[in-house]
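Here is the structure we will look at, set down as structure tokens.
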Number of protein chains: 2
Amino acid sequence: MSIATVSRVLNNQPRVAQATRERVLHVADELGYQPHSFAQSLARRQSNLISVVVPAMTSYFFLEVLRGIQDSLADSGYDIVVHLAKARKDAEVQFERSLRRGRSAGVVVISPTVLSAIGHRIERARTAIILVDCKHDDFDSITVDNVRGGFQATRHLVELGCERIALVMADPSSPPAFDRCSGYREALAKFDLPYSDSLVASSTGTDDGFTEEGGYRAMRKILDSGERPDGVFVTSDVQALGVLRAATEFGLSAPGQLKVVGFDDIPLLRHAGITTIRQPMYRLGSLAGGRLLERLADAKLPRLHVVEAPDLVVRGTTSTARAGEVEQFPEAVSVAAMGDH
Amino acid sequence: MSIATVSRVLNNQPRVAQATRERVLHVADELGYQPHSFAQSLARRQSNLISVVVPAMTSYFFLEVLRGIQDSLADSGYDIVVHLAKARKDAEVQFERSLRRGRSAGVVVISPTVLSAIGHRIERARTAIILVDCKHDDFDSITVDNVRGGFQATRHLVELGCERIALVMADPSSPPAFDRCSGYREALAKFDLPYSDSLVASSTGTDDGFTEEGGYRAMRKILDSGERPDGVFVTSDVQALGVLRAATEFGLSAPGQLKVVGFDDIPLLRHAGITTIRQPMYRLGSLAGGRLLERLADAKLPRLHVVEAPDLVVRGTTSTARAGEVEQFPEAVSVAAMGDH
DNA sequence: GTGAAAGCGCTAACAG
DNA sequence: CTGTTAGCGCTTTCAC
């Protein structure tokens with residue numbers, strides 16, 4: 001019984017006698033033997049590690065996406081190494097590390113903060129790479145249609161009769177925030193409502209401004225300037241919390257004097273009754289994991305850009321009818337596959 | 001210039017001429033050379049991977065703890081592999097995998113769900129193991145004093161004049177929930193308040209009952225039975241949300257007719273104004289990471305059991321004074337070091 | 001100071 | 001079907 005035979009059995013290779021196979025399996029089980037994955041990787045010239053690079057945002061978004069990735073990779077034999085990138089510069093370092101030193105088979109990069117930091121460096125990578133929540137022509141990406149989300153939110157406000165619709169956005173350098181803003185402007189244009197700079201404020205700072213405090217300050221800015229919007233689209237639920245706080249300070253309550261639409265639909269915040277645009281976070285993760293597996297199996301696959309559609313979820317901040325009950329308006333998912341350039 | 005010399009330089013070993021060293025460094029940098037970590041691990045007979053086993057709870061708790069671990073390990077050269085244990089049985093499998101197949105240098109196991117599932121199996125491990133949020137004599141552990149937290153919460157209610165204090169707890173098989181309950185009973189005893197089964201309800205199900213729905217159902221049960229508590233301690237903020245919802249349905253508002261104290265102090269829920277017992281989640285993680293590093297450096301260290309003290313944070317559900325403002329009553333941290341048995 | 005050589009634990013031809 | 005023989009890329013004695 002040679003070591004080679006054992007290897008064959010453990011890897012379910014054909015040319016082994018049934019008797020030998022059983023004997024090996026039996027002994028291996030008895031000894032609690034586990035192949036050394038590093039040695040395997042070295043000999044096979046392929047890793048069983050997949051890196052997930054995420055920004056240090058303490059957000060629920062990351063958690064859900066990670067869950068999706070993890071689930072989709074559960075039976076694949078790959079283990080997941082998480083690289084939390086604290087700062088922007090850190091993201092670059094983390095990425096390089098995960099790519100080279102860690103010898104991952106593939107990498108999932110979540111969120112645009114990271115992408116913009118990595119920039120061109122990302123291009124020369126030979127590993128399988130999937131982008132989540134950010135887009136780049138050279139890599140597969142799984143994103144949410146933020147423009148459409150912004151449009152839906154704004155349209156909802158228009159349909160409710162709002163005529164002075166404000167926008168509280170996060171740091172404009174964050175692609176999702178920027179895109180949601182674009183949707184807002186598109187909707188205004190489509191419904192013949194004027195765009196006014198004084199109705200728009202962006203919150204910056206920690207987590208690209210996706211914070212309660214950021215939302216609060218941005219809304220204060222608008223209100224302090226004397227503007228009195230009758231509706232406001234906020235680029236995240238967390239910020240919407242701050243917007244509501246600012247509104248309350250000015251004696252404005254939702255949905256009466258001010259209708260508010262957020263973005264994300266964070267489960268933990270459902271009780272707050274914020275009308276919002278739901279992102280399929282878990283799904284983004286599982287799609288990314290699935291695609292990574294496909295690409296790992298065939299590196300020559302054409303680039304795939306999946307764009308998931310967000311849903312409007314109506315709650316208390318825009319509607320008094322059946323308060324507490326969740327109405328949904330799911331829309332179809334659009335997938336765009338494009339060949340290489 | 002041999003491969004051995006290069007290895008020496010890259011590992012900062014002494015016996016190398018300065019000139020050679022610089023030349024190697026220069027070329028390495030130019031080529032963007034990165035040592036293959038698997039090969040290193042194999043040759044050195046030691047891993048650079050640390051496994052973190054977490055329950056699949058979609059909770060903020062895990063995220064914060066992970067952040068703490070990650071930060072404390074940032075400059076150590078270790079990478080983190082995350083093992084999400086979906087089900088209880090899964091936890092065991094994940095653990096075995098992380099321990100053997102993955103050849104981790106060390107493991108951090110978060111949360112008791114996982115521990116109870118692993119049980120005795122964990123004992124024969126030779127790897128460095130740190131437990132977070134659960135305790136076992138054979139391993140280092142970092143926990144929060146849940147009994148004390150439960151006591152503090154209940155005492156706070158007593159001091160506010162409550163005489164019929166209810167308890168809404170999660171699945172009693174969850175150690176944290178159980179301990180918080182113990183603290184509740186201790187406080188009742190100390191302040192000469194009778195304990196009544198009809199004032200206690202536990203929520204079970206998903207995530208060990210640490211859910212909004214779980215809290216809602218448990219509170220409904222108490223209220224439906226005709227009990228009219230004037231205060232309630234809930235074993236988590238998420239559950240407290242459900243408790244408040246149930247109370248509202250019965251026309252009880254906080255803090256007027258019913259004072260509510262939760263547990264956790266989840267940042268995302270601060271706006272809800274729930275008085276709560278704060279857990280230092282991030283700190284648990286960074287302590288765990290730090291301790292792991294210590295143990296990795298010296299396996300013969302005596303067992304260390306760190307018990308962090310939680311803090312009472314008074315908010316709107318128990319106080320009308322200065323609503324919105326956060327008062328804190330931090331208490332000292334207690335650390336208990338015990339030798340091996 | 002530096003190089004040659006022997007593995008680390010496993011896989012993958014290549015013979016038998 | 002099974003054993004032998006090379007490595008995978010790096011570290012580490014042990015000579016020189």
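Chain letters run A, B, ... following the sequence lines, proteins first, then strands; residues in each count from 1.
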- [ ] Please examine the side chains of A:Q70 and B:V82, heavy atoms only from C-beta on, and report whether any two atoms are closer than 4.5 Å.
- [x]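 When only atoms from C-beta onward are counted, A:Q70 and B:V82 do touch, with a gap below 4.5 Å.
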Open item on the list: I want to check something: taking the side chain as every heavy atom from C-beta on, are A:D79 and A:V81 in contact at a cut-off of under 4.5 Å?
Closed with: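 Counting from C-beta outward, A:D79 and A:V81 never come under 4.5 Å.
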Going by atom type alone, with no hydrogens or angles, which donor-acceptor pairs under 3.5 Å involve a side-chain atom of residues 288-299 of chain B and a protein atom two or more places apart or on another chain?
| from | atom 1 | to | atom 2 | distance (Å) |
| --- | --- | --- | --- | --- |
| B:R291 | NE | B:D140 | OD2 | 3.0 |
| B:R291 | NH1 | B:E294 | OE1 | 2.7 |
| B:R291 | NH2 | B:P302 | O | 2.9 |
| B:R295 | NE | B:D140 | OD2 | 2.6 |
| B:R295 | NH1 | B:A299 | O | 3.0 |
| B:R295 | NH1 | B:L301 | O | 3.3 |
| B:R295 | NH2 | B:D140 | OD1 | 3.1 |
| B:R295 | NH2 | B:D140 | OD2 | 3.2 |
| B:R295 | NH2 | B:L301 | O | 3.1 |
| B:R295 | NH2 | B:P302 | O | 3.2 |
| B:D298 | OD1 | B:K300 | N | 2.9 |

Task: With B:R8 via salt bridge (charged side-chain N to carboxylate O under 4.0 Å, His left out) - residues at least two apart - done: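 B:R8 satisfies salt bridge (charged side-chain N to carboxylate O under 4.0 Å, His left out) with no other residue.
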Task: Sequence-distant partners of B:D71, salt bridge (charged side-chain N to carboxylate O under 4.0 Å, His left out), two or more places apart - done: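 If we apply the salt bridge (charged side-chain N to carboxylate O under 4.0 Å, His left out) test to B:D71, skipping adjacent residues, the hits are A:K86.
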TODO: Ignoring hydrogens and angles, tell me if any N or O in the side chain of B:S7 forms a donor-acceptor pair with the backbone of B:I3 under 3.5 Å.
DONE: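 Here the side-chain-to-backbone pair does not exist.
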Task: Check ion pair B:D137-B:K135 (N to O, under 4.0 angstrom) - done: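 Yes.
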Open item on the list: Nearest whole Å is fine: how far is D:dT11 C1' from B:N12 CG?
Closed with: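 Answer to the nearest Å: 15 Å.
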TODO: Check DNA chain D against residues 13-21 of chain A and give the residues with a non-hydrogen atom under 4.0 Å, in numerical order.
DONE: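 Hits under 4.0 Å, by residue number: A:R15, A:V16, A:A17, A:T20.
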TODO: Indicate for each nucleotide in nucleotides 4-10 of chain C, in 5' to 3' sequence, whether protein heavy atoms under 4.0 Å reach the base (B), only the sugar-phosphate (S), or nothing (-).
DONE: B--BBBB
- [ ] Drop me the distance from A:S47's OG to A:Y78's OH, to the nearest 0.5 angstrom.
- [x]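 Reported value, rounded in 0.5 Å steps: 7.5 Å.
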- [ ] Just do the side-chain contact (heavy atoms from CB on, under 4.5 Å) check on A:H83 and A:V107 with the steps written out, would you?
- [x] CA-CA 10 Å; A:H83 296 267; A:V107 183; over 6 Å; no
TODO: Determine the sole option in B:M281, B:Q279, B:R283 for which the side chain to side chain contact (heavy atoms under 4.5 Å, CB included) test with B:E308 is passed.
DONE: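 The residue from B:M281, B:Q279, B:R283 that satisfies side chain to side chain contact (heavy atoms under 4.5 Å, CB included) with B:E308 turns out to be B:R283.
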Task: Between the first and last five pairs of the helix from C:dG1-D:dC16 to C:dG16-D:dC1, the angle of the axes, rounded to 10 degrees - done: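 Taking the rotation axis at each end, their angle is 40°.
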Task: Distance below 4.0 Å between A:T5 side-chain N/O and D:dG3 OP1 or OP2 - done: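 A:T5 to D:dG3 OP1/OP2: side-chain N or O found under 4.0 Å.
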